[in-house]
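One structure below.
The residues of the chain are indexed from 1 along the displayed sequence.
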Amino acid sequence: MGLLANYKKSEVLIKKERFESKFDYADFNEEDKENLIELEKKATHTGNLLKENLKDLGDVFLEAHKIFSNNKNGMFGKWYENLGFKKDFVYLCLDRRQLSLQYNSNEIYKLPDRAIKDIKKIEKENGEVVFEILESENPKEKIKEFKDNLTQNKTKKEKNIKKEKNIKKEEIKNKLNDLLKFINQNEFNDEKLCNLEILISNLEKEIF
């Protein structure tokens, strides 16, 4: 059964679990420390709710997108805009959910939007690297490392392409010089001279 068929209204139950702060509040007085720890609890709880909401929204958008795709009417954009959602937000929700399902990882929901966009680009280059990113202790640092390597490889590739082009240009110049020497050292009838003129004219058209 689909998401909509399984959907039912329910109350959000907040579990009162033991909370242990990992932040060092040594420089704060007791009252400020207690207030900050309480704010930590609320921030953590709200963050967890946000992650769950992003998962749920991702599921909603995935199923809606599937239905609209099957109908091939191109109305998905108008549908989510009618609900007040922006394109960038909707597709980030879709990307997060698809990545979390594809790579079986909830780390996706801990990463900022920029990191999600980077991972989608990296996935096109090398899907295996995404596993390394999500399993690393510092995914954002791993993304930066891969992007730097990608830039270096791209620069190296561009240099090699430029080098190959320069080699070909030299080869062509040498051949043209040999051809000029041959023309200068030999006599040609009118027909051959005419053909040479046509060839040079065509070559000029191709180059300029």
Side-chain angles (χ1 to χ4, degrees), residues 2-4 6-66 76-77 79-152:
L3 177 70
L4 296 178
N6 285 331
Y7 179 78
K8 64 177 181 179
K9 292 183 179 179
S10 62
E11 294 182 355
V12 178
L13 299 176
I14 301 174
K15 295 181 179 179
K16 294 183 178 180
E17 298 176 348
R18 185 180 176 186
F19 180 83
E20 292 183 7
S21 175
K22 296 179 181 178
F23 193 84
D24 183 6
Y25 291 109
D27 295 332
F28 294 85
N29 62 47
E30 195 62 30
E31 183 180 354
D32 286 343
K33 177 181 175 181
E34 288 179 5
N35 286 335
L36 286 169
I37 290 175
E38 191 60 32
L39 289 172
E40 254 195 275
K41 291 179 185 178
K42 290 178 180 179
T44 301
H45 175 68
T46 304
N48 288 335
L49 285 179
L50 178 61
K51 284 189 283 186
E52 287 303 315
N53 287 337
L54 284 174
K55 287 180 185 178
D56 291 341
L57 270 175
D59 286 331
V60 168
F61 291 142
L62 273 175
E63 183 154 347
H65 187 269
K66 181 180 177 181
F76 180 58
W79 180 78
Y80 63 68
E81 286 174 0
N82 179 63
L83 298 174
F85 293 107
K86 300 292 185 182
K87 181 179 180 179
D88 194 51
F89 175 76
V90 170
Y91 280 90
L92 272 169
C93 285
L94 284 169
D95 287 342
R96 282 184 192 277
R97 195 64 184 128
Q98 287 169 335
L99 287 169
S100 70
L101 292 171
Q102 184 174 347
Y103 296 98
N104 192 28
S105 172
N106 285 323
E107 287 296 315
I108 291 295
Y109 296 99
K110 298 178 183 178
L111 299 176
D113 294 347
R114 179 71 263 172
I116 299 302
K117 292 178 180 178
D118 286 337
I119 288 175
K120 289 298 291 183
K121 290 178 183 177
I122 290 169
E123 188 181 32
K124 293 177 182 177
E125 297 289 335
N126 188 343
E128 292 299 318
V129 175
V130 178
F131 283 108
E132 293 180 30
I133 291 170
L134 297 176
E135 291 171 2
S136 66
E137 291 183 5
N138 191 335
K140 287 191 284 186
E141 188 62 35
K142 197 71 176 177
I143 289 171
K144 184 179 180 301
E145 180 186 318
F146 181 80
K147 286 174 70 178
D148 289 343
N149 289 337
L150 197 63
T151 301
Q152 289 175 8

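- Counting non-hydrogen atoms of other residues, nucleotides and ligands closer than 6.0 Å to NZ of K41 gives a total above 12.
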**From CA spacing to verdict: salt bridge (Lys or Arg N to Asp or Glu O under 4.0 Å), K55, E52** = CA-CA 5 Å; K55 287 180 185 178; E52 287 303 315; 3.5 Å; yes
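- Counting only residues at least two apart or in different chains, ring-ring contact (aromatic ring centres under 6.0 Å, His included) contacts with residues 85-130 comprise F61-F85, F85-F89, Y103-F131.
- Within the 4.5 Å cutoff, side-chain heavy atoms of L111 are placed close to those of L134.
- Checked against ring pair (Phe, Tyr, Trp, His ring centres under 6.0 Å), F146 has no partners two or more places apart in sequence or in another chain.
- Proximity of a side-chain donor or acceptor of S136 to a complementary backbone N or O of I133 within less than 3.5 Å is detected.
- Using a 4.5 Å heavy-atom threshold, the side chains of K140 and P112 count as touching.
- With a 6.0 Å radius and a threshold of 12 heavy atoms from other residues, nucleotides or ligands, N104 has its CG atom at or below the threshold.
- Side chains of E81 and V90 form no contact here, defined as non-hydrogen atoms less than 4.5 Å apart.
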**Request:** Please lay out, stage by stage, how D88 and K117 fare under the test side-chain contact (heavy atoms from CB on, under 4.5 Å).
**Result:** CA-CA 10 Å; D88 194 51; K117 292 178 180 178; 3.5 Å; yes
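- E34 places none of its side-chain heavy atoms less than 4.5 Å from the side chain of I37.
- No more than 12 heavy atoms of other residues, nucleotides or ligands sit less than 6.0 Å from atom NZ of K33.
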Sequence neighbours left out, cut at 3.5 Å: what donor-acceptor pairs do the side chains of residues 24-32 make with other protein atoms?
residue, atom, partner, partner atom, Å
D24, OD1, A26, N, 3.0
Y25, OH, E40, OE1, 2.6
N29, OD1, E31, N, 3.2
N29, OD1, D32, N, 2.7
N29, ND2, D32, OD2, 3.3

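- Residues satisfying the side-chain contact (heavy atoms from CB on, under 4.5 Å) criterion with Q102, sequence neighbours excluded, are E123.
- When side chains are defined from C-beta on, V129 does not count as touching E145, because their heavy atoms never get closer than 4.5 Å.
- Legend: salt bridge (charged side-chain N to carboxylate O under 4.0 Å, His left out) pairs involving residues 99-113, not counting sequence neighbours, sorted by first then second residue: R96-D113, E107-K110.
- Among residues two or more places apart in sequence or in another chain, the side-chain contact (heavy atoms from CB on, under 4.5 Å) test is passed with N82 by none.
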